Amino acid sequence: MVLLDIDYVTVDEVPVIRLFGKDKSGGNEPIIAHDRSFRPYIYAIPTDLDECLRELEELELEKLEVKEMRDLGRPTEVIRIEFRHPQDVPKIRDRIRDLKSVRDIREHDIPFYRRYLIDKSIVPMEELEFQGVEMDSAPSVTTNVRTVEVTGRVQSTGSGAHGLDIMSFDIEVRNPHGMPDPERDEIVMIGVAGNMGYESVISTAGDHLDFVEVVEDERELLEKFAEIVIDKKPDILVGYNSDNFDFPYITRRAAILGAELDLGWDGSKIRTMRRGFANATAIKGTVHVDLYPVMRRYMNLDRYTLERVYQELFGEEKIDLPGDRLWEYWDRDELRDELFRYSLDDVVATHRIAEKILPLNLELTRLVGQPLFDISRMATGQQAEWFLVRKAYQYGELVPNKPSQSDFSRRRGRRAVGGYVKEPERGLHENIVQFDFRSLYPSIIISKNISPDTLTDDEESECYVAPEYGYRFRKSPRGFVPSVIGEILSERVRIKEEMKGSDDPMERKILNVQQEALKRLANTMYGVYGYSRFRWYSMECAEAITAWGRDYIKKTIKTAEEFGFHTVYADTDGFYATYRG
DNA sequence: AGGTTCCGGGG
DNA sequence: GTGTACGGAACCT
């Protein structure tokens, strides 16, 4: 099956991982696979191993195991401490950290389902194979979803999911008194569009329009929407700002009207979680993607309204009605059809954007190895971090802890000096030549072995020494981050080769998105060194990278000028010049 | 200069 | 949920 989502539940006080997938080769059947075999754990770094084991024994923990790992490259003996339940970790970890014989604890802040994905080396949005499963004889009568018990190994096959069912939705509200208030203002339309050509607006009016599904009242409107989602079971359900508007609004209206909205594959309700300043709304099984945060990351615009984003992506205007007057379009018979068309246009536009943008996010999901639900809401720095957490497991490296509040406040505000910029010379320049470095920063990280684990004060070892700052980076062994970027770039080269050898346009398109995702990830790696919430934060690394960057571009400009070129503009990794002979 | 508040998207 | 996280612009003092 294709792995769409993952979580865990507690059964008989024991955590059970749930893998939500679709059997794409078997009639697209939805499946929930239960795995009861996985347990949470953390690491303790002891000051004295024997003493530490003795002290830990007294806490009556599930299981202790001594392991040899590396801590920023340094061989380190750690104790792997297993727990019965993920919620035991926050309860007990402080007591472990406070033991006299414990120097530090690690990997105590990795959510259980993420740990599972990493340790089993499985990846969402890829085909998942089970070596042993026990099938339930029939799908659940109430939810129509089949449950299987995992009894053996689980593994990703490496083949990505294609042909996913994407459905978009969008609500319209009658709000005559300012912004919509779910305590007061009713939902009058819900637009739905799927990639099987399904386009529809559910409403209590509009029976003369062929794309409208008419219902009795608002409660039925909500239940009809639920019925469509449950019945069609899209792999991905997309909205625009649906985390903070549509879903919370629908949920509140459903509660007021007593409508049933059990959209989850297990019959569970939609759940809106407060995450700091923003919300995230989850449906068990179906991946809900809010395109708004995705688009903010993907393009650089002054505004990110649906209209603006659509216009930028497709070069076409979509129907736009004044938000504060939509209620009039609903109330006045002669205007109502326009509101219906607007509603349909919104949901179709959302769907088109999803079709265009999701392939890249699906590839990022596979690369980072965390659920699409999470990836679509993560800043790129977070994506890079979780990619590294997975790599750290593969390399036997201990993951640094998340920065504490005091680390964070110490770090924030410090910024590395950026790239070299020569302000453009005013005027119209003719016969311009252009030069730029290909992936300058990733190349510098690799060639100068810039990594927190290679940074050293040791004057003896052979080092690359950063210009301006004099930071020293050991030449060998290869650092953690340079190794990882090396892997990314060589995979990208391999995919580009494969692209050259393919004449199937569909395959080339897929490969092109894959190399694009790799490029983005490689380019993110520089920025995160200076990102104050990054586990592998290192201002020295960030400063060294840009220092070498400035050094290279300036030297290149100087050489060009010796050959008779005149630079009219330069920025970070490239410059423009005229030739004067 | 340095701190604090506001705002995004949605109707 | 191995919880509780943004970041830039505008506006103060």
Side-chain angles (χ1 to χ4, degrees), chain A residues 7-10 15 38-43 81-94 96-97 105-116 118 169-182 184-191 239-250 271 273-280 282 290-297 300-309 320-330 339 342-343 346 350 374 377-382 385 389 399 401-403 405 408 412-413 415 531-534:
Chain A
D7 72 355
Y8 86 92
V9 288
T10 306
F38 194 62
R39 293 291 173 275
Y41 63 88
I42 69 168
Y43 297 115
I81 306 166
E82 200 171 288
F83 297 83
R84 258 177 78 80
H85 195 276
Q87 291 181 353
D88 293 340
V89 175
K91 281 184 204 150
I92 307 176
R93 68 180 167 202
D94 292 338
I96 297 175
R97 187 183 5 227
I105 55 170
R106 290 294 176 82
E107 311 204 10
H108 54 84
D109 48 14
I110 295 171
F112 189 55
Y113 67 94
R114 293 198 177 166
R115 181 86 271 173
Y116 181 88
I118 292 165
F169 81 108
D170 176 48
I171 69 171
E172 308 301 334
V173 176
R174 182 185 175 279
N175 56 307
H177 313 289
M179 283 308 283
D181 176 1
R184 179 184 66 201
D185 302 329
E186 64 172 325
I187 298 172
V188 293
M189 296 178 190
I190 300 183
Y240 202 82
N241 203 26
S242 40
D243 268 345
N244 287 294
F245 182 70
D246 300 69
F247 267 133
Y249 207 97
I250 285 176
R271 242 169 57 93
M273 299 158 279
R274 282 249 155 70
R275 306 213 287 180
F277 77 109
N279 290 323
D290 182 348
L291 287 177
Y292 169 61
V294 176
M295 299 321 293
R296 287 197 68 143
R297 243 179 296 124
N300 192 13
L301 303 174
D302 49 348
R303 294 166 61 73
Y304 294 88
T305 60
L306 183 59
E307 283 73 26
R308 184 79 178 78
V309 164
D320 195 12
L321 298 183
D324 55 350
R325 289 187 48 221
L326 285 186
W327 63 277
E328 288 178 45
Y329 284 77
W330 174 255
L339 184 59
Y342 166 77
S343 176
D346 261 12
T350 305
D374 297 1
R377 291 168 179 79
M378 270 182 199
T380 52
Q382 289 291 314
E385 179 164 289
V389 171
V399 175
N401 291 329
K402 270 196 292 208
Q405 192 53 247
F408 178 64
R412 71 180 301 171
R415 272 184 81 101
Y531 169 52
S532 50
R533 311 196 108 88
F534 187 46

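A note on names: the letters A, B, ... follow the listed sequences, proteins ahead of strands, and every chain is numbered from 1. The basis for the numbers below is simple: all heavy atoms, side chains too, and nothing from hydrogens, waters or symmetry mates. Treat the numbers as computed from the prediction; the structure is a model and nothing was measured.
- Backbone-only engagement by A/Asp346 is indicated by non-hydrogen atom pairs under 4.0 Å involving sugar-phosphate atoms exclusively.
- Using a 4.0 Å heavy-atom distance criterion, A/Tyr8 is classed as a sugar-phosphate-only contact.
- Between A/Lys91 atom NZ and C/dG3 atom P there is a gap of 13 Å when expressed in whole angstrom units.
- The phosphate of C/dG7 has neither OP1 nor OP2 within less than 4.0 Å of any side-chain N or O from A/Arg297.
- Note on A/Pro40: a base of the nucleic acid sits closer than 4.0 angstrom, heavy atoms only.
- Across all strands shown, A/Gln382 has no heavy atoms under 4.0 Å from either base or sugar-phosphate atoms.
- Using a 4.0 Å heavy-atom criterion, one finds that A/Ile110 contacts the bases of the nucleic acid, with or without backbone contacts as well.
- Set against B/dG10, C/dT2, B/dG9, the side chain of A/Arg93 has C/dT2 as its closest nucleotide.
- Side-chain contact between A/Tyr113 and A/Pro86 is absent, with no heavy-atom pair separated by less than 4.5 Å.
- Look at CG on A/Asp302: it is 18 Å from P on B/dC7, rounded to the nearest Å.
- Distance noted for atom P between C/dG8 and C/dT4: 22 Å (whole Å).
- Across the C1' atoms, C/dC6 and B/dG9 are found 14 Å apart, a figure rounded to whole Å.
- Closest to the side chain of A/Arg271, from the set B/dG11, B/dG9, C/dG1, is C/dG1.
- A/Tyr304 OH to A/Met295 CE: the interatomic distance, rounded to the nearest 0.5 Å, is 9.0 Å.
- Using a 4.0 Å heavy-atom criterion, one finds that A/Phe83 contacts no nucleic acid atom at all.
- Nucleic acid contact for A/Gly178: base, since at least one base atom lies under 4.0 Å from a heavy atom of the residue.
- For A/Arg533, a side-chain nitrogen or oxygen approaches OP1 or OP2 of C/dC6 to under 4.0 Å.
- A salt bridge links A/Arg308 with A/Asp302: the distance from a Lys NZ or Arg NE/NH1/NH2 to an Asp or Glu carboxylate oxygen falls below 4.0 Å.
- Across all strands, A/Arg296 comes closer than 4.0 Å to base atoms (heavy-atom distances).
- A straight line from OH of A/Tyr292 to C1' of B/dC7 spans 9 Å, rounded to a whole angstrom.
- Checking C/dT2, B/dG10, C/dG7 against the side-chain heavy atoms of A/Tyr531 singles out C/dG7 as nearest.
- Atom C1' of nucleotide B/dG9 and atom CZ of A/Arg303 are separated by 9 Å, given to the nearest angstrom.
- With respect to A/Val173, the side chain to side chain contact (heavy atoms under 4.5 Å, CB included) criterion is satisfied by exactly one of A/Trp327, A/Tyr249, A/Trp330: A/Tyr249.
- Checked against C/dT2, B/dG9, B/dG11, the side chain of A/Pro180 finds its nearest nucleotide in B/dG11.
- Put simply, the residue from A/Tyr8, A/Tyr116, A/Phe83 that forms a ring pair (Phe, Tyr, Trp, His ring centres under 6.0 Å) with A/Phe38 is A/Tyr116.
- Contacts of A/Lys402 with the nucleic acid, taken as non-hydrogen atoms under 4.0 Å apart, involve only primed sugar atoms and P, OP1 or OP2.
- As judged by a 4.0 angstrom heavy-atom cut-off over every strand, A/Asn244 is placed among residues making no nucleic acid contact.
- Using a 4.0 Å heavy-atom cutoff across all strands shown, A/Asp170 reaches sugar-phosphate atoms only and no base atom.
- Atom-to-atom, OH of A/Tyr113 to P of C/dT2 comes out at 8 Å; the value is rounded to the nearest Å.
- We find that CE of A/Met273 is positioned 14 Å from C1' of C/dA5, with the value rounded to whole Å.
- Atom-to-atom distance recorded for A/Arg184:CZ and A/Arg174:CZ is 10.5 Å, nearest 0.5 angstrom.
- Computed from coordinates, the A/Tyr304 OH to C/dA9 C1' distance equals 14 Å when rounded to whole Å.
- Using cut-offs of 30° and 60° on the angle between ring planes, the pair A/Phe247 and A/Phe169 is tilted.
- No contact: A/Arg174 has no heavy atom under 4.0 Å from any strand.
- In this structure, the CZ atom of A/Arg114 is 10 Å from the P atom of C/dT2, given to the nearest Å.
- Across all strands, A/Glu172 comes closer than 4.0 Å only to sugar-phosphate atoms, never to a base (heavy-atom distances).
- The side chain of A/Tyr342 contributes an N or O atom lying less than 4.0 Å from OP1 or OP2 of B/dG11.
- The stacking criteria are not both satisfied for A/Phe112 over the base of C/dT2, which would need a centre-to-centre distance under 5.5 angstrom and an angle between ring planes under 30 degrees.
- Nearest to the side chain of A/Thr305, among B/dG8, B/dG9, C/dT2, sits B/dG9.
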